[in-house]
Protein chains: 2
Amino acid sequence: MIHFKIAIDCVIVGYDSQLNELKVLLTERVNEPQKGKWALPGGFVKKTESFEKTAASILLRETGMTNVYLRQLKAYSLTDASQDNRIASVAYYSLVKFENLTDASRQQYSRWFPWNGIPTLPFDHGKKVAFAFEKIKELVRLEPVVYHLLPTKFPLNQLQRFYEALYNIKIDNRNFRKKILKLPYIERLDEVEKNVSHRPGYLYHFNEKKYKENSSPY
Amino acid sequence: MIHFKIAIDCVIVGYDSQLNELKVLLTERVNEPQKGKWALPGGFVKKTESFEKTAASILLRETGMTNVYLRQLKAYSLTDASQDNRIASVAYYSLVKFENLTDASRQQYSRWFPWNGIPTLPFDHGKKVAFAFEKIKELVRLEPVVYHLLPTKFPLNQLQRFYEALYNIKIDNRNFRKKILKLPYIERLDEVEKNVSHRPGYLYHFNEKKYKENSSPY
DNA sequence: ACATGTAAACGTATTTTTTACGCTAACTTA
DNA sequence: TAAGTTAGCGTAAAAAATACGTTTACATGT
């Protein structure tokens, strides 16, 4: 009976609102194979750990963050059929608040790459990153996961810019505003933007409790 | 380094249009553990097989069908931490045309259970079945996968009944018709229902080519 | 000091989509 | 032949999406 080593790979995604672009965290491989190449952060599943737990600890190691949005992407069976011990991998994707990252939490061997500037990745990592983005695009339409990527407080324009970047579209400012303000779980704060070269807008935040109250179970 | 045996479990789903209910195929376990219990059809991944390939062969074994809709559901890490060799599993779900099944293809130890009458399943199989149904509900909204479950030729009413069963809703016959007929990839045939105790309706079919032409890539 | 650029925040009008419901036609069964 | 059922056509109203007009409040450059 064949046995597998199981690796967990994490596609960690952030949104840089300054540059208005999505980013992925990559690390330089310190071990063979593919030593020195940029690749997805990952690790093997340890004895008593669940996949999810392994993924969470990779995330902690790379970003210093816990309790962030983390979901399974897909399991991959690398067809490394030459050996008796095959390697399988389970990919996870995570959405993190880019603004919350401290310099201290940044690993020496890690770097954030813009979505449109990812180097060629070893193994099936390129495929995983591409699939993660497809998944995220789909998910953003269905559930309010955007708010895991945006800062806790944000002006409406920042939200609009995010959608425009993600789907590569242009949205009408006035209609967008109307649509968002109808959502019961987006609340305006008594705070405005500062140091912007235009009329400062109010800041909003996502009220998760209200979202769960208002969303029907089916 | 810990190694895993990897099992593939298949949630094989069909739609019985006579009874207007979704069904799941279960098999009686012939080996320990849980011998004699109804469970998801499955098997271990063999040396040179991909997960997908393993799933496809399980599907062939159970239904006699190839080239059916088959997708990965999720990977599960059973926390059977007592042993050195843990078992992980990757669940797949499949949508099959219930009408196409021949009696010959029906396995001795297999049976189709109605969605609302599934026995308590061993391991995490109950969780997998539940998750598969959530996934299918979601998927049906996004993509025309219904047509993998319905017969190739179907009257509009059959399609409507399917939606009503899946989401447990009542749909207005006239509005439903209007909505469906606007879809360019649903084509009317020159054929009508037979032996129905009401005005016979035209049969329709799903034109996959037209779907792919008309669906935007984003 | 003032013009310029930019996005906020308010609005209206039009089009498109969804929903509610009326009616006749065509078939089987009692 | 009446009753029951779904097919297939239709209209009207309500809701959502889209297009676009206007004033306000800020920073920046001259």
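Letters A, B, ... mirror the listed sequences (proteins, then strands); counts begin at 1. Owing to the predicted nature of the structure, the values given are computational and were not obtained by experimental measurement.
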query: Which is true for B:N157 with a 4.0 Å heavy-atom rule: it touches a base, it touches only sugar-phosphate, or it touches nothing?
result: sugar-phosphate
query: Among side-chain atoms of A:K53 and B:S77, is any donor-acceptor pair under 3.5 angstrom?
result: no
- prompt: Roughly, in whole Å, what's the span from CG in A:D172 to C1' in C:dA13?
  reply: 14 Å
message: Ring-plane angle category for B:Y69 and B:H148, please: parallel below 30°, perpendicular beyond 60°, tilted otherwise.
response: tilted
- prompt: Rounded to the Å, how far apart are A:L181 CG and D:dA17 P?
  reply: 14 Å
- request: For the side chain of B:R177, starting at C-beta, report the closest nucleotide among C:dA9, D:dC9, D:dT6.
  value: D:dC9
- prompt: Within this structure, what is the CD1-to-C1' distance between B:I169 and C:dT18, rounded to whole angstrom?
  reply: 14 Å
message: Looking at B:K178 and D:dT11, is any side-chain donor or acceptor paired with a base atom of the opposite kind under 3.5 Å?
response: yes
task: Record whether the side chain of B:K182 comes under 3.5 Å of the base of C:dT18 through a donor-acceptor pair of N or O atoms.
output: no
field: B:R199 side-chain N/O to C:dA25 phosphate OP1/OP2 under 4.0 Å
entry: no
query: Is there a donor N/O on one and an acceptor N/O on the other, under 3.5 Å, for the side chain of A:R174 and the base of D:dG21?
result: yes
Between P of C:dC10 and CZ of A:R188, the distance in whole Å: 7 Å
- request: Measure the distance from CD1 on B:I171 to P on D:dT6 and round it to the nearest whole Å.
  value: 14 Å
message: Judged by each residue's nearest nucleotide on DNA chain C, which is more toward the 5′ side, A:P200 or A:N175?
response: A:P200
task: Tell me what B:R161 touches on the nucleic acid: a base, only sugar-phosphate, or nothing, going by heavy atoms under 4.0 Å.
output: sugar-phosphate
Protein-nucleotide distance (B:Q158, atom CD; D:dA7, atom P), rounded to Å: 11 Å
statement: Comparing A:N195 with B:Q160, nearest DNA chain D nucleotide closer to 5' gives the residue B:Q160
task: Quick one: sort the B:F206 and B:Y147 rings into parallel, tilted or perpendicular, breaks at 30° and 60°.
output: parallel
- request: Can you tell me the distance, in whole Å, between the CG atom of B:N173 and the C1' atom of C:dA20?
  value: 13 Å
task: For A:K194 and D:dA25, give me the distance from atom NZ to atom C1', rounded to whole Å.
output: 16 Å
message: Testing the 3.5 Å rule here: is there a donor-acceptor pair between the side chains of B:N20 and B:Y15?
response: yes
message: Taking atom OH as the centre, does A:Y202 end up with more than 12 heavy-atom neighbours from other residues, nucleotides or ligands that are less than 6.0 angstrom away?
response: no
